[in-house]
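Notes to accompany the following structure.
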Amino acid sequence: MAEGVEFKIDGTFSRRNSKYDNPFLNTGSVTENGLRSNPIVRTYSISPSLTVALTPAWSLNFSGTIADSKADLHSRRYSASVETPGRLIYSNDLRALEAGVQGPLTELPGGEVKLAAGGGIRSLGLGVQVSNTPHGSPTIVTEQFHTRRAVQFAYGELTIPIFGAGNSKPLLYRLDLTAAGRFEHYEAVGSVATPKFGFRYAPSPDLSLMGSWGRSFKAPTLYQQNQIRQGVLLPGVIFSDNPSGLPVLLLAGGGTPLRAEKAETWTATVSLTPRSVPGLHLQASYFDVAYKDRVSVPIVGATAALSNPIYANLVRLSPSATAVEAEIVRLPQGLSNFSGSAFDAANIAAIIDGTDRNVARQNARGVDVSGRYKFSFSGSQTLEISANASYLESRRQVATGLPSSQLAGTIFNPPNWRMEGGFTYSLSSFDASLFANYIGGTSDTRTLPDVHVGSFTSLDGTLRYRTERGNGIFAGTEIVLSVLNLLNEKPAQIQNSDPSLPPYDSTNYSAIGRQISVTLRKRI
């Protein structure tokens with residue numbers, strides 16, 4: 001390439017083929033009553049970029065992306081040993097172009113006023129095809145469509161140094177102000193402009209205070225808007241407050257009209273790097289995010305939905321046979337009967353609507369604290385000690401007028417506390433590290449009273465040895481031995497009335513035990 005011109009290109013390709021069986025009852029095989037699935041997912045992307053140096057300080061950037069993915073989900077449903085093959089195909093594609101420019105506008109006593117601006121276009125496509133092959137009948141395509149959305153966007157960010165190296169004063173070592181804005185136009189959704197403002201204030205080289213405020217906007221994705229609606233008939237005995245014991249129809253997936261998400265965000269950060277203690281860095285941050293109309297799965301723990309008042313507008317008790325049949329007609333893949341008995345529309349205890357929707361309000365706030373201290377001793381030996389901890393609180397109101405509920409710290413949601421800490425020892429060509437990871441416990445709110453789910457603590461260790469480049473067969477060689485979950489810890493068990501569900505909180509904790517890996521690298 002010519003001087004001052006840089007071209008890059010990134011590409012990815014993957015193909016994943018998996019199989020799993022889900023028996024509906026623990027008294028029989030999957031081929032009696034169950035679901036056998038074989039998802040095949042293929043993706044690729046190509047992203048070229050070009051950077052042109054217009055002057056020593058200004059640069060112009062061009063980038064683009066072409067990406068496609070196809071998820072082909074083959075399934076076989078079994079009811080009373082009768083097989084019904086089905087197929088669900090999601091096809092996604094992305095085409096994007098973007099151009100941007102950045103550089104200094106002018107020089108102030110505190111430093112350079114810098115500008116970054118640009119814009120671009122995106123085109124997103126989604127295709128869906130659903131087909132079923134009833135026993136003894138030809139294949140029927142129950143849903144087939146393709147939709148596309150075009151997005152145009154522009155952005156700009158200005159950084160203004162009020163105080164800096166050229167005009168610093170006592171208690172005014174550095175002060176920067178930033179202002180940014182973004183405009184987006186979504187086809188069939190609308191246009192929106194969102195601002196963001198921030199500052200960085202350093203009374204001395206040791207201490208920095210940073211803060212920001214901003215608003216954001218996110219249109220529902222094509223997948224969220226067009227996700228296939230699903231219906232599952234579950235045994236009534238797994239639901240609390242269901243005295244009739246009749247089966248319950250649970251709706252999931254898409255089918256509910258969605259609006260764009262909006263959010264307002266505040267952040268504040270304190271950073272300390274004292275010159276009197278070289279190698280020490282401490283930082284604490286606070287954030288507060290208020291969402292409106294966030295797209296979400298509204299129900300966590302559907303088995304408690306009949307008795308929990310926060311889901312009152314999502315539950316229809318003792319529905320008529322006509323209402324049940326009307327919901328079944330809207331299921332492109334048909335009804336999945338997990339109840340263990342024949343479907344009878346006139347004997348359904350409730351319909352629970354767990355389809356994706358805009359929840360009225362959701363708030364998240366928390367604190368992140370981190371520290372790092374690296375020092376040398378006995379010549380070339382170094383030891384780095386680091387730790388970080390985070391605390392999160394969040395609440396959600398599903399619909400206006402209903403009570404809000406706690407999210408963080410409850411099952412299948414992030415825990416209130418997460419921590420990590422450890423050390424890394426280095427000597428010439430050898431490194432050794434040991435870290436402890438803590439994931440806080442949660443409350444299982446699916447039943448009354450709540451049940452505590454225990455925390456999870458694991459240890460990870462790494463040994464690394466490397467040789468210098470040079471001559472010889474072992475020159476430039478690196479070998480790494482890594483052990484994750486060194487003590488083979490297991491997540492706390494939870495109670496599930498549905499035998500097909502895992503007996504632990506798979507959202508927060510891993511059931512994979514000790515993992516040992518050896519990596520060998522050779523640099524030429």
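Predicted model only: the values in this text are computed from it and were never measured.
Side-chain N or O atoms of Asp444 include none that pairs as donor or acceptor with a backbone N or O of Ile411 at under 3.5 Å. Formation of a donor-acceptor pair under 3.5 Å by the Asp505 side chain with backbone atoms of Asn413 is not found in this model. Side-chain atoms of Asn167 come within 3.5 Å of backbone atoms of Gly164 as a donor-acceptor pair (strictly under, hydrogens ignored).
Within the structure, every pair that satisfies the side chain to side chain donor-acceptor pair (under 3.5 Å) test and touches residues 420-430, not counting sequence neighbours, is listed here: Gln381-Tyr425, Asn388-Glu420, Ser426-Asp431.
Counting only N and O atoms by type, the side chains of Thr65 and Ser47 include a donor and acceptor under 3.5 Å apart. Between the side chains of Thr410 and Thr445, no donor-acceptor pair of N or O atoms lies under 3.5 Å. A donor-acceptor contact under 3.5 angstrom links the side chains of Thr267 and Ser212, judged on distance only.
Salt-bridge annotation for Asp68 and Lys70: absent, with no side-chain N of the basic residue lying under 4.0 Å from a carboxylate O of the acidic one.
Exactly one of Ser458, Pro415, Pro414 qualifies for a side-chain contact (heavy atoms from CB on, under 4.5 Å) with Ile439. That residue is Pro415. Evaluated for a side-chain contact (heavy atoms from CB on, under 4.5 Å) with Arg361, the options Arg396, Arg294, Arg395, Lys292 yield exactly one hit, Lys292.
Ser59 is linked by a side chain to side chain donor-acceptor pair (under 3.5 Å) to nothing, counting only residues two or more places apart in sequence or in another chain. Under the side chain to side chain contact (heavy atoms under 4.5 Å, CB included) criterion, Ser390 pairs with Asp368, Arg418, not counting sequence neighbours.
Taking the six-membered ring for Trp, Phe217 and Tyr186 have ring centres closer than 6.0 Å.
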- Message: Go through it in stages, so that I can follow the logic: the residues are Arg275 and Asp206, the test is salt bridge (Lys or Arg N to Asp or Glu O under 4.0 Å), and I'd like the CA-CA distance, side-chain angles, deciding distance and then a yes or no.
- Response: CA-CA 6 Å; Arg275 289 167 292 174; Asp206 302 338; 2.7 Å; yes
